[in-house]
Amino acid sequence: MLATRRSSSSFLALFVVLLQSITNNSITLAFSVPPPSSLSLRHSTPTESSIRRQPQQQQQQPQQISAQTATTTTMASSLKPYIETLIAGERHLTSDETKQAFSLILQGADPVQVGSLLTLLRARQETPEEIAGMVQAMNEACNSVNLGDQKLLDIVGTGGDGADTINISTASVVLAAAAGCIVAKAGNRSVSSACGSADVLEALGVKVDLTPPQVQQCVEAVRIAFMFAPVNHPAMRFVAPIRKSLGVRTCFNILGPMTNAASAQRAVIGVFHPELLSLMAGALKQVGRVDHAVIIHGCGLDEISPLGPSRIVEIQNTAPPGEPRVYTEKEYDLDPLELGIPRCELGDLKGGGPEENAEKFRQVLLGGDHTDAKRDSIVLNAGMGCYVYGLTPTIEEGCKLARETLESGKATELLQEWVKVSQSVAAEEMAP
């Protein structure tokens, strides 16, 4: 994905080493592969470009495989054709091909073949079309959350920036919800940082592992809920040991923010590297689920901060409701100085483990007109969320609304109510 083009000899050497790593670790899946029917299927100056999305055809439900066709099915479920295409080097995979390949991966394809495909995709640098196919496969294998036609917001990052800041995006969704957005926040436990979104929310008392119906109840009650990746994307258990054995970044590092289980149409997505901006924007346009989204990289972080200017790619659907989406795209820099927010140092944003971050989370959401770099960061990201959601016509006005909401103490009140509701919803499920 981020790797530069390698010579054929150096690439082959890397490829052999990675395959040996997979084989020598003797990856085995400690669970049986469920039949397809058991998977829950659901269906600077700004420059502008447009892309038209046609409605996606309804997916056919997979059929059970008879014993007579077992051999044919085994061959059909192999990733070999896709691996051979990438080895040949004449072209990338199409979106449909990548979707087919990743559908097999999410049903428990051969681990060595999976490792080979992921390595080849990264070595050849994934395209927006390939990423879109991966996202579509994950969306179809998802335990989805049905929140009807409500307009939903998610503020989420890829992680991987190595900065170990406080949980800025997670605190930002609380502030955005307090300002009037309906939030369906996707997240997981820590992978590359000291404290993930699920870790800090759990330390705050929020029940994070709610089922899709429980998430619905939570949103109905307090306009915000958390969707825990292992609950909504259980098929990722097939990939986890392979990713661990490879030990290098793969496309799965960036798919999470684009696979919101509630199909949030409004999104603020942070990325750990600027090269991912156009890649993810292109994939989101091809998938065609969002109406308004921004992809952000800011001074080494996967979010906006007072550290300095952030580079932003913004895509927006301009088609009337019910018609095929037509996207405009523009790219620009956002400097917090222009919004009256002073610079800070990275140390001003540092966090720690779940308990430490939970305490800083509470402090940053307290009412009052005091401010610091952490509060400014929350205002910037929540303000962007308010703009993308449509509460305000500009980013500046979104940040003003976020600041007023923060100072009013509404964010703290919402957090306390969220904790109570999530615990109550979970308790109802456990009651006899």
Side-chain angles (χ1 to χ4, degrees), residues 1-6 44-49 51 92 118 121-132 134-135 154-165 167-169 172 191-193 248-259 267-287 290 292-316 327-339 341 343-346 348-350 373 376-377 380-381 383-385 387-388 395 399:
M1 163 171 55
L2 302 179
T4 56
R5 303 286 183 193
R6 300 178 175 86
S44 79
T45 302
T47 59
E48 296 197 3
S49 62
I51 180 169
H92 289 275
L118 296 179
L121 283 165
R122 176 172 174 182
R124 299 214 52 211
Q125 301 182 24
E126 298 94 331
T127 65
E129 291 75 18
E130 288 172 331
I131 297 296
M134 300 170 196
V135 170
D154 192 5
I155 302 177
V156 62
T158 58
D161 57 25
D164 286 331
T165 63
N167 298 90
I168 293 174
S169 63
S172 298
V191 174
S192 59
S193 65
V248 296
R249 283 186 181 140
T250 70
C251 49
F252 279 105
N253 288 78
I254 66 171
L255 295 182
M258 294 186 284
T259 55
V268 178
I269 299 175
V271 297
F272 61 81
H273 197 288
E275 288 184 18
L276 295 173
L277 291 168
S278 60
L279 178 68
M280 294 183 74
L284 286 170
K285 289 190 294 184
Q286 178 150 337
V287 173
V290 298
H292 195 177
V294 292
I295 303 94
I296 297 165
H297 177 75
C299 296
L301 301 185
D302 63 341
E303 47 222 347
I304 311 170
S305 78
L307 286 172
S310 293
R311 192 66 178 169
I312 296 173
V313 175
E314 179 177 349
I315 62 173
Q316 187 168 12
Y327 289 103
T328 59
E329 177 179 337
K330 57 184 178 180
E331 185 169 353
Y332 53 91
D333 290 324
L334 176 67
D335 193 333
L337 288 177
E338 298 175 358
L339 301 175
I341 294 177
R343 290 280 189 264
C344 74
E345 300 292 333
L346 183 59
D348 299 326
L349 302 175
K350 281 290 186 180
D376 287 342
S377 296
L380 285 167
N381 289 274
M384 179 65 81
Y387 161 67
V388 167
I395 298 171
C399 291

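Computed from heavy atoms alone, side chains included, the values below leave out hydrogens, waters and symmetry copies. For clarity, every value in this text was computed on a predicted model and none was experimentally measured.
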Run the salt-bridge test on Arg343 and Asp376 with the 4.0 Å N-O cut-off and return the result as yes or no.
no
Closer than 3.5 angstrom, by distance alone: can the side chain of Tyr327 be matched with the main-chain N or O of Val290 as a donor-acceptor pair?
yes
For a 4.5 angstrom cut-off between non-hydrogen side-chain atoms, does Leu334 reach Ile296?
no
Heavy-atom closest pair, residues Ser310 and Gly298:
OG-CA, 3.4 Å
Tyr387 side chain near Val268 side chain, heavy-atom distance below 4.5 Å:
no
Side chains of Ser169 and Asn381, heavy atoms from C-beta outward: is any pair under 4.5 Å?
no
Which distance, rounded to the nearest 0.5 Å, do you find between the OG of Ser305 and the CD1 of Ile168?
6.5 Å
Taking C-beta and beyond as the side chain, do Asp348 and Leu307 meet within less than 4.5 Å on heavy atoms?
no
Rounded to the nearest 0.5 angstrom, the CE-SG distance for Met134 and Cys251 is 4.0 Å
Rounded distance (nearest 0.5 Å) linking atom NE2 of His273 with atom CZ of Arg249:
8.5 Å
CG-OG1 distance between Leu255 and Thr250, expressed to the nearest 0.5 angstrom:
7.5 Å
Looking only at heavy atoms, what is the nearest atom pair of Pro257 and Gly157, with distance?
CG-O, 3.8 Å
Point-to-point distance, once rounded to the nearest 0.5 Å, from CD of Glu314 to CG of Leu277
13.0 Å
If I compare all heavy atoms of Cys399 with all of Leu339, which pair ends up nearest, and what's the gap?
SG-CD1, 3.9 Å
Would you mind reporting whether His92 and Glu130 have side-chain heavy atoms less than 4.5 Å apart?
yes
How far apart are the C-alpha atoms of Leu349 and Leu301, what are their side-chain angles, what is the distance that settles it, and do they pass the side-chain contact (heavy atoms from CB on, under 4.5 Å) test?
CA-CA 11 Å; Leu349 302 175; Leu301 301 185; 4.1 Å; yes
Taking C-beta and beyond as the side chain, do Ile131 and Met280 meet within less than 4.5 Å on heavy atoms?
no
Flag, side chain of Lys285 to backbone of Thr328, donor-acceptor distance under 3.5 Å
no
Check Asp161, Leu276, Val156, Thr165 against Asp302 for a side chain to side chain contact (heavy atoms under 4.5 Å, CB included) and give me the one that passes.
Asp161
Test item: Ser377 and Pro306 side chains (from C-beta on) under 4.5 Å apart, heavy atoms
yes
In Å, rounded to the nearest 0.5 Å, how long is the span from CE of Met384 to CD1 of Ile304?
4.0 Å
Please give me the minimum heavy-atom distance between Ile254 and Met258, naming the atom from each residue.
O-CE, 3.5 Å
Should Ile295 and Leu284 be marked as a side-chain contact (heavy atoms from CB on, under 4.5 Å) after you check the CA-CA gap, both sets of side-chain angles, and the distance that decides it?
CA-CA 10 Å; Ile295 303 94; Leu284 286 170; 4.0 Å; yes
Please confirm whether the backbone N or O of Arg311 pairs with a side-chain atom of His297, one donor and one acceptor, at under 3.5 Å?
no
Treating Thr158 as the side-chain partner and Phe272 as the backbone partner, does any N or O pair qualify as donor plus acceptor under 3.5 Å?
yes
